[in-house]
Novice: 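To start, I am sharing the structure in question, which I have written as structure tokens.
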Amino acid sequence: MIIGVPKEIKNNEARVGLTPAGAEALCKSGHTVLMEKNAGLGSGFSDAAYEATGAKIISDKKALFDRAEMIIKVKEPVEPEYNLFHEGQVLFTYLHLAPEPELTQALLKDKVIGIAYETIVGRNNTLPLLSPMSEVAGRMAVQVGAQYLEKQNGGKGVLLSGVSGVPSGQVVIIGGGNVGTNAAKIAVGMGARVTVIDMSGDRLRYLDDIFGSSIVTVMSNSYNIAEWVKKADLLIGSVLVPGAKTPKLVSEDMIKTMEAGSVVVDVAIDQGGSIVTCDHCTTHDNPTFIKHGVVHYSVANMPGAVARTSTLALTNATLPYALQLANKGYRQACLDDPGLAKGINVINGNITFKGVADGLGLPYVELSTIL
Ligand SMILES: NC(=O)C1=CN([C@@H]2O[C@H](COP(=O)(O)OP(=O)(O)OC[C@H]3O[C@@H](n4cnc5c(N)ncnc54)[C@H](O)[C@@H]3O)[C@@H](O)[C@H]2O)C=CC1
Ligand SMILES: CC(=O)C(=O)O
């Protein structure tokens, strides 16, 4: 198979879809890997490192898209990329289609087979291609939150750890999955007071077991959320209903109860966000805005800022699937692995992921009628 790996063009996105180790594994399996010139530079991988594995370097982005049977990317395509795809091409990347009507229409029009990292399901109902970036974003959420709590960045001037004689800051995390657990780990490590809110009793029990008395766990409902939002110095949004638009759990009225200079980091913004006042994605160039005196951070590609770590972690997770797709073709690979098949969000002009169809108010087609 001919596999193309373009350079990412989203704002400050320095990750790349394949490391040299990944390129070598695909080349050794008999595939042709076309890397766009300088695609890996932002993650610290030179063109020469890819060439040494047998991959070919291509300067012309359009030629790469025209030749490739499968595109391996990191981020959902952005507008200048919409017209590069062709019918029957496999696109293996994060897609987050539920809040993206224009991108969805572009992929439907070109009859692309869009396999979304974030909806592939692994053993025990896990999301193996979302979890590595959730680890990164969860850990970063506390790091950036702490930074924006500083006075010169618009914050109230609170040090999350506190100091002797002065209480530590309060971190409230809504959604105790991968992002939430990793955020809690860093916040506890910093010495903050940490509360995690989730709707799953089993998840809260698990968090209570692993963190013990270093965090408070709270059942998710609007009453409890309102109580805890009010107390938060740093509020982190990290809920997910896989593939679907994020439920809105924090209202504008709740945000108005927060002290001026508090900080909100809505990590779930890539699926639409869970905090009403986080009404748009921001970028690494201009990551925050202030509403009701509260600093809001809603960058949809947080791991792009730590591209070296993130690219290595991402390829660790995606490569086994990329090899299956390349070795067997997408159809057989998905028939053999129903968890991989759950990644197919669009195919032959149809939406085959229910959360995406419902989120966009478009027709849903059962994948089994197509594969
Ligand atoms: N902004 C960025 O750069 C990044 C964003 N993300 C996003 O972060 C979000 C969270 O991802 P993960 O932690 O991996 O998902 P996850 O599936 O591991 O965790 C989600 C948690 O939300 C909980 N939840 C669902 N509905 C809830 C409700 N009504 N109230 C409280 N809790 C609720 C679930 O029980 C689960 O524990 C996703 O939207 C993901 O795409 C992930 C990585 C990077
Ligand atoms: C999960 C995702 O979209 C990201 O890492 O950018």
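Because the structure is predicted, anything quoted here is derived from the model rather than measured. Throughout, residue positions are numbered sequentially from 1 according to the sequence presented. In listed order, ligands and their atoms are each counted from 1.
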Novice: Ligand 1: which protein N/O atoms lie under 3.5 Å from its N/O atoms?
Specialist:
{"residue": "ligand 1", "atom": "1 (N)", "partner": "Val267", "partner atom": "O", "Å": "2.9"}
{"residue": "ligand 1", "atom": "1 (N)", "partner": "Val299", "partner atom": "O", "Å": "3.0"}
{"residue": "ligand 1", "atom": "3 (O)", "partner": "Ala300", "partner atom": "O", "Å": "3.2"}
{"residue": "ligand 1", "atom": "3 (O)", "partner": "Met302", "partner atom": "N", "Å": "2.7"}
{"residue": "ligand 1", "atom": "6 (N)", "partner": "Asp270", "partner atom": "OD2", "Å": "3.3"}
{"residue": "ligand 1", "atom": "13 (O)", "partner": "Asn178", "partner atom": "N", "Å": "3.1"}
{"residue": "ligand 1", "atom": "13 (O)", "partner": "Val179", "partner atom": "N", "Å": "2.8"}
{"residue": "ligand 1", "atom": "14 (O)", "partner": "Ser134", "partner atom": "OG", "Å": "2.6"}
{"residue": "ligand 1", "atom": "18 (O)", "partner": "Asn178", "partner atom": "N", "Å": "2.9"}
{"residue": "ligand 1", "atom": "22 (O)", "partner": "Leu240", "partner atom": "N", "Å": "3.3"}
{"residue": "ligand 1", "atom": "30 (N)", "partner": "Ser220", "partner atom": "OG", "Å": "2.8"}
{"residue": "ligand 1", "atom": "32 (N)", "partner": "Met199", "partner atom": "N", "Å": "3.4"}
{"residue": "ligand 1", "atom": "35 (O)", "partner": "Asp198", "partner atom": "OD1", "Å": "2.7"}
{"residue": "ligand 1", "atom": "35 (O)", "partner": "Asp198", "partner atom": "OD2", "Å": "3.4"}
{"residue": "ligand 1", "atom": "37 (O)", "partner": "Gly177", "partner atom": "N", "Å": "3.4"}
{"residue": "ligand 1", "atom": "37 (O)", "partner": "Asp198", "partner atom": "OD2", "Å": "2.7"}
{"residue": "ligand 1", "atom": "39 (O)", "partner": "Asp270", "partner atom": "OD1", "Å": "3.1"}
{"residue": "ligand 1", "atom": "41 (O)", "partner": "Asp270", "partner atom": "OD1", "Å": "3.2"}
{"residue": "ligand 1", "atom": "41 (O)", "partner": "Asp270", "partner atom": "OD2", "Å": "2.6"}

Novice: Mind listing the N or O contacts between ligand 2 and protein, cut-off under 3.5 Å?
Specialist:
{"residue": "ligand 2", "atom": "3 (O)", "partner": "Lys75", "partner atom": "NZ", "Å": "2.7"}
{"residue": "ligand 2", "atom": "3 (O)", "partner": "His96", "partner atom": "NE2", "Å": "2.6"}
{"residue": "ligand 2", "atom": "5 (O)", "partner": "Arg15", "partner atom": "NH1", "Å": "2.8"}
{"residue": "ligand 2", "atom": "6 (O)", "partner": "Arg15", "partner atom": "NH2", "Å": "2.8"}
{"residue": "ligand 2", "atom": "6 (O)", "partner": "Lys75", "partner atom": "NZ", "Å": "2.7"}

Novice: Please determine whether the number of non-hydrogen atoms from other residues, nucleotides or ligands lying under 6.0 Å from atom NZ of Lys111 exceeds 12.
Specialist: no

Novice: How close do Ala39 and Asp47 get, counting heavy atoms only, and between which atoms?
Specialist: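 Scanning both residues, the minimum pair turns out to be N-OD1, 4.3 Å.
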
Novice: Shortest non-hydrogen contact from Val171 to Ala192?
Specialist: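 It is CG2-CB, 3.8 Å.
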
Novice: Tell me whether the count of non-hydrogen atoms from other residues, nucleotides or ligands lying under 6.0 Å of CD in Glu51 goes above 12.
Specialist: yes

Novice: Of all the heavy-atom pairs spanning Glu81 and Lys73, show the shortest one and how long it is.
Specialist: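 Scanning both residues completely, I find the closest heavy atoms to be OE2-NZ, 3.4 Å.
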
Novice: What residues, two or more places apart in sequence or in another chain, satisfy ring-ring contact (aromatic ring centres under 6.0 Å, His included) together with Phe92?
Specialist: Tyr117

Novice: I would like to know whether Asp202 and Arg205 meet salt bridge (Lys or Arg N to Asp or Glu O under 4.0 Å); could you show each step before the answer?
Specialist: CA-CA 5 Å; Asp202 285 345; Arg205 256 184 296 283; 3.0 Å; yes

Novice: Tell me, please, which residues at least two apart from Phe289 pass ring-ring contact (aromatic ring centres under 6.0 Å, His included).
Specialist: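 Result, ring-ring contact (aromatic ring centres under 6.0 Å, His included) vs Phe289: His280, His296.
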
Novice: Do the side chains of Glu8 and Lys75 get close enough for a salt bridge, i.e. N-O under 4.0 angstrom?
Specialist: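 Salt bridge absent between Glu8 and Lys75.
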
